[in-house]
Amino acid sequence: MDTKTNPNSADKASTVNTYYATTPIFYVNAEPHIGHAYTTTLVDVVTRFHRLKGDDTFFLTGTDEHGERIYQVAMSKGQTPQEYTDEIAGKFRAIWDSLDIRYDEFIRTTEARHKEVVRHILQRVYDRGDIIFGEYGGLYCTGCERYYTEKELVGGRCPQHDIKLEYRSEENYFFRMEKYRTWLRETIEDNPDFIRPERYRNEVLAMLREPIGDLSISRPRERVPWGIPLPWDDKHVTYVWFDALINYYSALESRGLTERYWPHVNHFIGKDIVKPHGVFWPTMLKAAGLPIYQHLNVHGYWLTDSGKMSKSKGNVIKPLELKDKYGNDAFRYYLLRDMSFGLDANFSEVGLAERNNSDLANDLGNLLNRTLGMLGKYRQGIVPAAAELTSTDLELKAAFNTLPQEIVRLFDNLQFDRAIEKVLEAVRKANKYIADTQPWVLAKDEQQASRLNTVLYNCIEALRCASIMLEPIIPQKAQELRLQLGLGNRNYTLADAAQWGLTPAETQTQSGEPLFPRVDLAALQQAIEVGEEALKHKAEVSIDDFAKLEFRVAEVTKAQTHPKADKLLVLTVKVGPEKRTIVSGIKQWYQPEEMVGKKLVIVANLKPVKLRGILSEGMILAAEDKDGNLSVTTLDRDLASGSEVR
Ligand code: MSP
């Protein structure tokens, strides 16, 4: 499978039976969403598949907890970064548990064991002379935690977050990445499947055709206190990507598993983070004298009608909502079946429901119900022994028993949707087999009793084999299916799906609830339309609701920079006789002194909130254009402070 060409593979020619797969470690500045759920479910499916195959398998996931953005979010919530990251890391774990994700290790970049390895690697690269000190300026996105070149921007804005970027310059340490550019380009050229699918390999090769420059790998600790201090200069903390990427290695290193798993590492990521993984990471590893990873596997994005799903645009779907509505396994099945690895796919609830109905309820569910129904009716629910197989039977048997090998090949090629479709094709063949052999006709003729036994037995075997091959994707339902077949206490390997005849005769089946209840599509469609209609109305505010807001004129008497946040101003204002404090994010546009004396419009009855430790008692109104320029709302006649604005 996956060792053919990589120069760092442990065992080049032999079949690899060790497999190490990783998800990105997710930022904790947002709650888990469908995008995170996809990568993690995918890696869960892939690692379950390798375990089923008998491979020595390790699955790593975790959370990325350092950096400026996370620090800011924690502060805005009035929490310490540690409290905040503990909380969100806990949410990620809980969601993975509820999605039946079986990771072997969950790493957090704030753990001591990780920090130690990061500092060790940094020191090593520094000692080799590949980290130097210098000044850097450029356009920075705190969402991505990186600088962008003009060329990478879309309409002057961050391509990921669609925001205008701020110019920044600071003294940083730099990793001499450019030094390794030619080496990396040649390595990728010599190893066609190092980065897969090909479109992303080409993307990285294109990046490497021009100078990549050196990578700024530190931030002043004064500005970003939430990070790992550099071992040789604790006035600087490690840049979040340098810190985060090392998780893939530190998780193994801290458990003494490096030798066993590192040579087999497969990273799975979304297309948004190709550059850090395709360029930063291999050059970092090379500079640290460590073997590079085996494969970088890049998937596309799940899209909704309103564009790419992301935290900054807010249109994230809570995975749990649909998983609870349709069941874990239908949800997992949809994610794996409806995305071709590497390409984008459209996420829709209707799509999920349709998949549930067509593949799971109709094809698989029907095969089970019909088989157990007939077995109950004709054989008291007891599996009969099969007699000799006819050519029709042999065809069915072959359709299933050649599949495991085919599926291994498809999984190795990252064609997960095709692999699933292959199993479903076989399931459909089994349904057709029932239609062709007509057991209900056989049942009427005593002479055909043995033939009927054989047909029923073959249907049971088809179900058993299908359940094994689908188990990584629908783990709970595959187990339930086998419980109904009377095989609940047996553990199967993938090889057992290549063998016909493993169900013992006399097994007592146990038909139960339908595995995948059918969804009423018409009702769903209608509910969606009603929901959309309701949403439209929600956007309109009734006059009564509007009347709840109290706007007033406030005069600024004092203004100063927030002691803990360089983007905030702390304003003291007079609202009639009353004095109030308002914390406002306008520092970028207004100097404190130019605010004094201004008469502004404020929302006066907003519930007070603490912003970075200072209680803000109201909000000032300001206008913002599409380029992010801002102007506070003032009056064009001089009215008394405290006047009501309507
Ligand atoms: N913390 C970094 C990764 C560091 S890895 C050393 C990060 N975190 S993230 O929380 O933003 O997660 C990005 C990843 O989430 C993507 O690479 C992808 O795996 C997943 N997805 C986020 N949105 C997605 C979709 N809409 N569709 C599919 N997956 C996407 O970047």
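Both ligands and their constituent atoms are indexed starting at 1 by order of listing.
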>> Just to be sure I read this right, does ligand 1 sit under 4.0 Å from the backbone of Phe268, its side chain, both, or neither, counting only heavy atoms?
In response: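 Neither part.
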
> Should the proximity of Asp272 to ligand 1, defined as any heavy atom under 4.0 Å, be assigned to the side chain, the backbone, both, or neither?
Replying inline: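 The part of Asp272 near ligand 1 is the side chain, not the backbone.
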
[X]-ligand 1 polar pair, N/O distance under 3.5 Å:
X	result
Gly270	yes
Ile25	yes
His36	yes
Trp302	yes
Tyr27	yes

> If you take all heavy atoms of Arg196 and Phe341, which pair is closest and at what distance?
Replying inline: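 Shortest heavy-atom separation between Arg196 and Phe341 comes out as O-CE2, 4.5 Å.
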
> With Gln72, which residues qualify under side-chain contact (heavy atoms from CB on, under 4.5 Å), at least two apart?
Replying inline: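 Gln72 satisfies side-chain contact (heavy atoms from CB on, under 4.5 Å) with Glu68, Arg69, Lys567 only.
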
> Between Trp226 and His66, what is the ring plane arrangement, given parallel below 30°, perpendicular above 60°, and tilted in between?
Replying inline: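 Aromatic pair Trp226/His66 classed perpendicular.
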
>> Classify the ring geometry of His36 against Phe26: parallel below 30°, tilted from 30° to 60°, perpendicular beyond 60°.
In response: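 Rings of His36 and Phe26: tilted, 30 to 60°.
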
Report yes or no: is the cationic atom of [X] (NZ for Lys, CZ for Arg) closer than 6.0 Å to the six-membered ring centre of [Y], at no more than 45° off its axis?
X	Y	answer
Arg355	Tyr334	no
Lys271	Tyr200	no
Arg146	Tyr148	yes

>> Less than 4.0 Å is my threshold; does some heavy atom of His277 fall inside it relative to ligand 1?
In response: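 Within the 4.0 Å threshold, so yes.
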
>> So for Trp281, does at least one of its heavy atoms come nearer than 4.0 angstrom to any atom of ligand 1?
In response: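 Heavy atoms of Trp281 never come under 4.0 Å of ligand 1.
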
> Which side-chain hydrogen bond (donor to acceptor under 3.5 Å, both in side chains) pairs, counting each pair once, include a residue from residues 203-214, with sequence neighbours left out?
Replying inline: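 Those involving residues 203-214 are Lys151-Glu210.
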
Would you mind running through ligand 1 and noting each atom that sits below 4.0 Å from a heavy atom of [X]?
X	value
His33	22 (C), 23 (N)
Thr39	18 (C), 19 (O), 20 (C)
Asp64	1 (N), 2 (C), 4 (C)
Ala244	6 (C)
Gly300	28 (C)

>> Within the supplied structure, the quantity of interest is the number of heavy atoms (other residues, nucleotides, ligands) at a distance under 6.0 Å from Glu166 CD; does it exceed 12?
In response: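 Check passes, neighbour count above 12.
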
